[in-house]
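Single-structure report; data block below.
This is a predicted model, so every value here is computed, not measured. Chain identifiers are assigned alphabetically (A, B, ...) following the order of the sequence lines, protein sequences preceding nucleic acid strands; residue numbering begins at 1 within each chain.
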Protein chains: 2
Amino acid sequence: MNPSRQHIQIAVDAVVFGYRSASGLSVLLIRRRFAPHAGAWALPGGFVRDHESLEEAVSRELEEETGVNIRYLEQLYTFGDADRDPRGRVVSVTYFALVKPENLRIFADSDAEETAWFDIQKLPELAFDHPRILKTAIERIRNKISYEPIGFELLEEKFPFADLHTLYETLRGAPIDRRNFKKKMMSLQILEESGERRKQAGSGRPAALYQFNKEKYFQLKEKGIVFEV
Amino acid sequence: MNPSRQHIQIAVDAVVFGYRSASGLSVLLIRRRFAPHAGAWALPGGFVRDHESLEEAVSRELEEETGVNIRYLEQLYTFGDADRDPRGRVVSVTYFALVKPENLRIFADSDAEETAWFDIQKLPELAFDHPRILKTAIERIRNKISYEPIGFELLEEKFPFADLHTLYETLRGAPIDRRNFKKKMMSLQILEESGERRKQAGSGRPAALYQFNKEKYFQLKEKGIVFEV
DNA sequence: ACAAAAGTGTTCACAATACACCCATGC
DNA sequence: GCATGGGTGTATTGTGAACACTTTTGT
């Protein structure tokens, strides 16, 4: 067949997850300025340019539309049904990103009327087939957490143990025994005490702050980590 | 940006795995008839047409090029580096397929000079970035087997237990204790004895033939199967 | 009778689970 | 001094791993 007869556009879209123990797991959405679906909430994304890789395209779009600083990015899935975009045939390669709370600051730009974080429990209506994409992403993060310590990419550099605990409970959607969880986490030896303690807080005993030991984490990943919580 | 300025082609490629206890895990390759890489071995695939979904495109290409009858197909990964195809910018959505031995019959067609199964231990040189794609697929099948009983899709309808055992040992690349393996497999209750016994064989005790209980398998999958061998 | 593959159970070690009380701080 | 969240250990159960001999057939 002659490929020059193809009229398919290629786009990238990103599902960016952020987490704060107070507000839970959130997704970054933009409100579209232009048709189709002007005014509707959607995943950040856009068309791939001729000479950039897919990853470069996602990073650029995220930078342009939201200003977030992404530190973890992996491909999620490619959606290519013929009728998924009213403008014509668009195949979208979707990505899955995690950002630390330090980088939750966002801004809107020319293509996006507004940018906001939404708790995954309280999502607005979404444009295109983005509900399906988001559903796929949430499944992925739920699965992923059971074999890879991605808390690493979602928490602040130094964090109280309770934050990690709450993150896992949120993603699992079920309570996890505090002592057993800590025992297992510590046995992996990827956490170290920073010596510091939390200053803020309301009342209650101040919590020790931990940080990930990246070297041990990557060593573990090499060997094929097994990690069931 | 204006998407009409894009000049990116979209293709699909498939990594088709087949298995026979005698010959091991094999991949279906075609020898290219046309440039670029004419005469080289490559994964079956081709350009997506304007009105077909990605899955339709893979199925069609596989049918056209090899005649195999695919019963399991899942998306693998999308490769989109700017320089991966000398003809220009081509983004390839790759798929991962499993076929049963009954369906190993293949034929070449107009685009393919020749079609053949290759043991994954004895692969020829491959065109384009297909070595990378194949590497990704092999990783995927290795991982997948540890949490989903895909033997289901690779073995004949009725099979001796030893076939399943050998398949897992092949994919794991390490011996697995026969008794422990059987114990675990049987505890999942997704296998049932067919009552028949193997007729063929050389010498040795004839083996009971098992078959998968699809209903129980899907029930198990619903609940989130956990399956470490 | 012997070679070749199938079939089968028990013991041991470790990992997962269940579970409740004391500690340090703010107000 | 009390409310709030942080921190810790032990006993029980379940699961994974190691391990060798007997049975049925073909030649």
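- Using bins of under 30°, 30° to 60° and over 60° for the plane-to-plane angle, the ring pair B/Trp41/B/Phe118 lands in the perpendicular bin.
- For A/Phe152, the ring pair (Phe, Tyr, Trp, His ring centres under 6.0 Å) partners are A/Phe212, A/Tyr217, not counting sequence neighbours.
- Neither side chain, A/Asp81 nor B/Ser53, offers a donor N or O lying under 3.5 Å from an acceptor on the other.
- Using modelled atom types and a 3.5 Å distance limit, the side chains of A/Thr94 and A/Asp13 yield no donor-acceptor pair.
- Summarising the geometry, the separation between NZ on A/Lys184 and P on C/dC14 is reported as 17 Å, rounded to the nearest angstrom.
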Scan nucleotides 7-9 of chain D against the protein and return all N/O pairs shorter than 3.5 Å with their distances rounded to 0.1 Å.
unit_1 : atom_1 : unit_2   : atom_2 : d
D/dG7  : OP1    : A/Ala208 : N      : 2.8
D/dG7  : N7     : A/Arg178 : NH2    : 2.5
D/dG7  : O6     : A/Arg178 : NH2    : 2.7
D/dT8  : OP2    : A/Lys182 : NZ     : 2.9

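- Rounded to whole angstrom, the span from the CD1 atom of A/Ile176 across to the P atom of C/dC19 amounts to 16 Å.
- Of the listed residues (A/Glu157, A/Lys158, A/Glu156), just one forms a side-chain contact (heavy atoms from CB on, under 4.5 Å) with A/Leu209, and that residue is A/Lys158.
- Remark: B/Lys182 is positioned above the aromatic ring of B/Phe161, its terminal NZ or CZ atom under 6.0 angstrom from the ring centre and at most 45 degrees off the axis.
- Rounded to a whole Å, the CG atom of B/Leu164 is 19 Å from the P atom of C/dA5.
- For the pair B/Met186 CE and D/dG16 P, the computed distance is 17 Å after rounding to whole Å.
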